[in-house]
J.: 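Would you mind keeping the following structure in view while I ask a few things?
Just so it is clear: chains get the letters A, B, ... in the order the sequence lines come, proteins before strands, and each one is counted from 1. Only heavy atoms go into these numbers, but all of them, side chains included; no hydrogens, no water, no symmetry mates. On a predicted model such as this, the values are computed, not experimentally measured, just so you know.
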Amino acid sequence: MAVTGEETGAGNSCDSTSSGLAQEGAGAGASARSSLKPPDTLLKRERRLMKNREAARECRRKKKEYVKCLENHVAMLENQNKTLIEELRALKDIYRHKAE
DNA sequence: ATTTCGTTACGTCATCAACC
DNA sequence: GGTTGATGACGTAACGAAAT
């Protein structure tokens with residue numbers, strides 16, 4: 001079960017400035033995860049778990065998309081950098097020939 | 001063929017921020 | 001203040017590849 005290769009082609013716009021994805025911290029620590037909590041009724045708890053399950057799925061989907069977007073951006077910048085370096089080399093070459 | 005190891009997706013919990 | 005949605009952290013299962 002599980003390990004279903006999800007990855008439905010969702011939209012792809014890196015903008016996600018709103019996506020959060022920065023928060024961090026909140027370390028928690030998973031200490032006594034025991035059952036001294038405000039007594040969730042069973043139904044209430046199940047509903048909450050189900051909602052959170054779906055939220056987590058969506059959250060991971062968005063994060064994956066965001067990372068992919070960043071990777072694309074990096075690739076693009078690397079290409080651009082390569083092109084510029086090439087261009088600079090060519091210009092230097094021209095300049096050198098003229099100077100001679 | 002079996003074991004080991006790294007990766008991936010998942011579920012759950014804890015926490016925060018926003019809303020009512 | 002309680003509720004809700006988003007997200008980081010953690011543990012776990014399934015899987016594939018490399019090592020034995």
J.: Please report, rounded to the nearest Å, how far the P atom of dT7(C) is from the CD atom of Glu58(A).
T.: 9 Å
J.: dT4(C), dA6(C), dA9(B): which one has an atom nearest the side-chain heavy atoms of Lys64(A)?
T.: dA9(B)
J.: Nearest whole Å is fine: how far is dG5(C) P from Arg60(A) CZ?
T.: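 After rounding, the gap between these two atoms is 17 Å.
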J.: Any side-chain heavy-atom pair from Met76(A) and His73(A) closer than 4.5 angstrom?
T.: yes
J.: Name each donor-acceptor pair under 3.5 Å that joins a side chain in residues 80-96 of chain A to protein atoms two or more places apart or in another chain, with its distance.
T.:
residue	atom	partner	partner atom	Å
Thr83(A)	OG1	Asn79(A)	O	3.0
Asp93(A)	OD1	Arg96(A)	NH2	2.6

J.: Over how many whole Å does the gap from Leu49(A) atom CG to dA14(B) atom P extend?
T.: 11 Å
J.: If the cut-off is 4.0 Å, is Arg53(A) near the phosphate of dC10(B), judged by side-chain N/O to OP1 or OP2?
T.: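 Arg53(A) to dC10(B) OP1/OP2: no side-chain N or O under 4.0 Å.
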J.: Quick one: the side chain of Asn52(A) and the base of dT4(C), do they pair up donor-acceptor inside 3.5 Å?
T.: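 Counting by modelled atom types and ignoring angles, no donor-acceptor contact under 3.5 Å is found here.
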J.: Between Glu54(A) (CD) and dT7(C) (P), how many Å, whole number?
T.: 15 Å
J.: Determine which pairs satisfy side-chain hydrogen bond (donor to acceptor under 3.5 Å, both in side chains) with at least one residue from residues 44-53 of chain A, sequence neighbours left out, and list them in order.
T.: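 Checked against side-chain hydrogen bond (donor to acceptor under 3.5 Å, both in side chains) - neighbours excluded - the pairs reaching residues 44-53 of chain A are Asp40(A)-Arg48(A).
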J.: If I take atom CD in residue Glu65(A) and atom P in nucleotide dA9(B), what distance separates them, rounded to the nearest angstrom?
T.: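 Taking CD of Glu65(A) and P of dA9(B), I get 14 Å after rounding.
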J.: In this structure, how many angstroms lie between the C1' atom of dT7(C) and the CZ atom of Arg61(A), rounded?
T.: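 After rounding, the reported distance stands at 15 Å.
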J.: Write down the distance between CE (Met50(A)) and P (dG5(C)), rounded to a whole number of angstrom.
T.: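 The distance from CE of Met50(A) to P of dG5(C) comes to 11 Å, rounded to the nearest Å.
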J.: It should be established whether Lys62(A) places a side-chain nitrogen or oxygen under 4.0 Å from OP1 or OP2 of nucleotide dT7(C).
T.: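 Yes, Lys62(A) has a side-chain N/O under 4.0 Å of OP1/OP2 on dT7(C).
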J.: Less than 4.0 angstrom from a charged side-chain N to a carboxylate O is my criterion; do Glu65(A) and Arg61(A) meet it?
T.: yes
J.: From C-beta outward on Arg57(A), which listed nucleotide comes closest to its side chain: dT12(B), dT4(C), dC10(B)?
T.: dC10(B)
J.: Would you indicate, yes or no, if dT7(C) has its OP1 or OP2 atom less than 4.0 angstrom from a side-chain nitrogen or oxygen of Lys63(A)?
T.: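 So the side-chain polar atoms of Lys63(A) never come under 4.0 Å of the phosphate oxygens OP1 or OP2 of dT7(C).
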J.: For the side chain of Arg45(A), counting heavy atoms from C-beta on, which of dT4(C), dC13(B), dA9(B) is nearest?
T.: dC13(B)
J.: In this structure, how many angstroms lie between the P atom of dT12(B) and the CZ atom of Arg47(A), rounded?
T.: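 Atom CZ in Arg47(A) sits about 16 Å away from atom P in dT12(B).
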